[in-house]
Participant: 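Structure provided below as structure tokens; questions to follow.
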Amino acid sequence: MFNNWEELEESIKNCSKCKLNSGRTNIVFGVGNKNADVMFIGEGPGADEDKEGIPFVGKAGQLMDKAFIGLKINRQNVYIANIVKCRPPQNRVPEKDEALACLDYLRNQVLLVNPKVIVLLGSTALKNILGEEHSITKERGIIINKKGIIYLPTWHPAALLRDENKKIEFWRDLKELKRVAEDLKLSI
Ligand code: URA
């Protein structure tokens, strides 16, 4: 556990705890407000993110940005990170050992940010954060309170690229996030 961001980021840059380190161009650490009330957690970097070292800058991220703009969610006000910090080959889902190797870094980020609400983007985020028994199809849009944090699972933005209905549901879930944020007077 690191008490400062610089040491945490440095340790990830030097990380070789799993096989994903061999294929990375850059680690994708996280971006946004380090004191955010609301944190978003995705799966892992794609090609664009690997190139730039910033989460959600590719097609899926641009779609999420559009929803943010439409719903007046300021990307600069929230913090965005991923389950794994290095790109899985061919954008495959991170394997269990890879996610486990990386999870302490994410836990450290959550401790430092101390968010009130965490939006879990897709099944990989939901299962690795709340447990394998959870299901994104059954639980998206439903608030889960656990250990003083409000979790809101929703579709991964990449899923929206393939399915119009999911776009509508994602939008609805982010509206729910806005409602919660307004109720609790959170900055978003
Ligand atoms: N998909 C993710 O899960 N995270 C990113 O940063 C980009 C795409």
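Everything numeric here is computed off the predicted structure, so don't read it as measured data. For ligands, and for the atoms within them, numbers begin at 1 and follow the listed sequence.
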Participant: State yes or no: do Leu71 and Val117 share one hydrophobic cluster built from I, L, V, M, F, W and Y residues joined by side-chain heavy-atom distances below 4.5 Å, directly or via other members?
Facilitator: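 Per the 4.5 Å side-chain linkage, Leu71 and Val117 are co-clustered.
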Participant: Can you list the ligand 1 atoms lying under 4.0 Å from a non-hydrogen atom of Pro55?
Facilitator: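 In order of number, 6 (O).
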Participant: Using a 3.5 Å distance criterion without hydrogens, assess whether the side chain of Glu10 forms a donor-acceptor pair with backbone atoms of Glu6.
Facilitator: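 No: the side chain of Glu10 does not pair with the backbone of Glu6.
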Participant: When the ring planes of Phe29 and Trp5 are compared, do they come out parallel, tilted or perpendicular, using 30° and 60° as the limits?
Facilitator: perpendicular
Participant: Do any nitrogen or oxygen atoms of Phe56 lie less than 3.5 angstrom from nitrogen or oxygen atoms of ligand 1?
Facilitator: yes
Participant: By number and element, which atoms of ligand 1 are closer than 4.0 Å to a non-hydrogen atom of His156?
Facilitator: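 Atoms satisfying the 4.0 Å criterion: 1 (N), 2 (C), 3 (O).
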Participant: For Glu49 and ligand 1, does the shortest N/O to N/O distance drop below 3.5 Å?
Facilitator: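 It does not: no N or O of Glu49 is found under 3.5 Å from an N or O of ligand 1.
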Participant: In the protein, which heavy atom is nearest to atom 4 (N) of ligand 1, and how far is it?
Facilitator: Asn82 OD1, 2.8 Å
Participant: Quick one: which ligand 1 atoms are inside 4.0 Å of a heavy atom on Gly42?
Facilitator: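 Those of ligand 1 that fall under 4.0 Å from Gly42 are 3 (O).
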Participant: Would a distance-only check, ignoring hydrogens and angles, find a side-chain to backbone donor-acceptor pair under 3.5 Å from Glu49 to Gly46?
Facilitator: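 Yes.
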Participant: Run the side chain to side chain contact (heavy atoms under 4.5 Å, CB included) test on Arg24 and Asp50 for me, step by step, so that the C-alpha distance in whole Å, both residues' side-chain angles and the decisive distance to 0.1 Å come before the verdict.
Facilitator: CA-CA 7 Å; Arg24 72 176 174 228; Asp50 175 66; 4.0 Å; yes
Participant: Counting non-hydrogen protein atoms only, what is the nearest one to atom 2 (C) of ligand 1? Give residue, atom name and distance.
Facilitator: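 Ranked first by proximity to atom 2 (C) of ligand 1 is Gly44 O, 3.0 Å.
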Participant: Going by the order shown, which atoms of ligand 1 are within less than 4.0 Å of some heavy atom of Glu43?
Facilitator: 2 (C), 3 (O)
Participant: Short question: side chain of Gln76, backbone of Gly32 - any donor-acceptor pair under 3.5 Å?
Facilitator: no
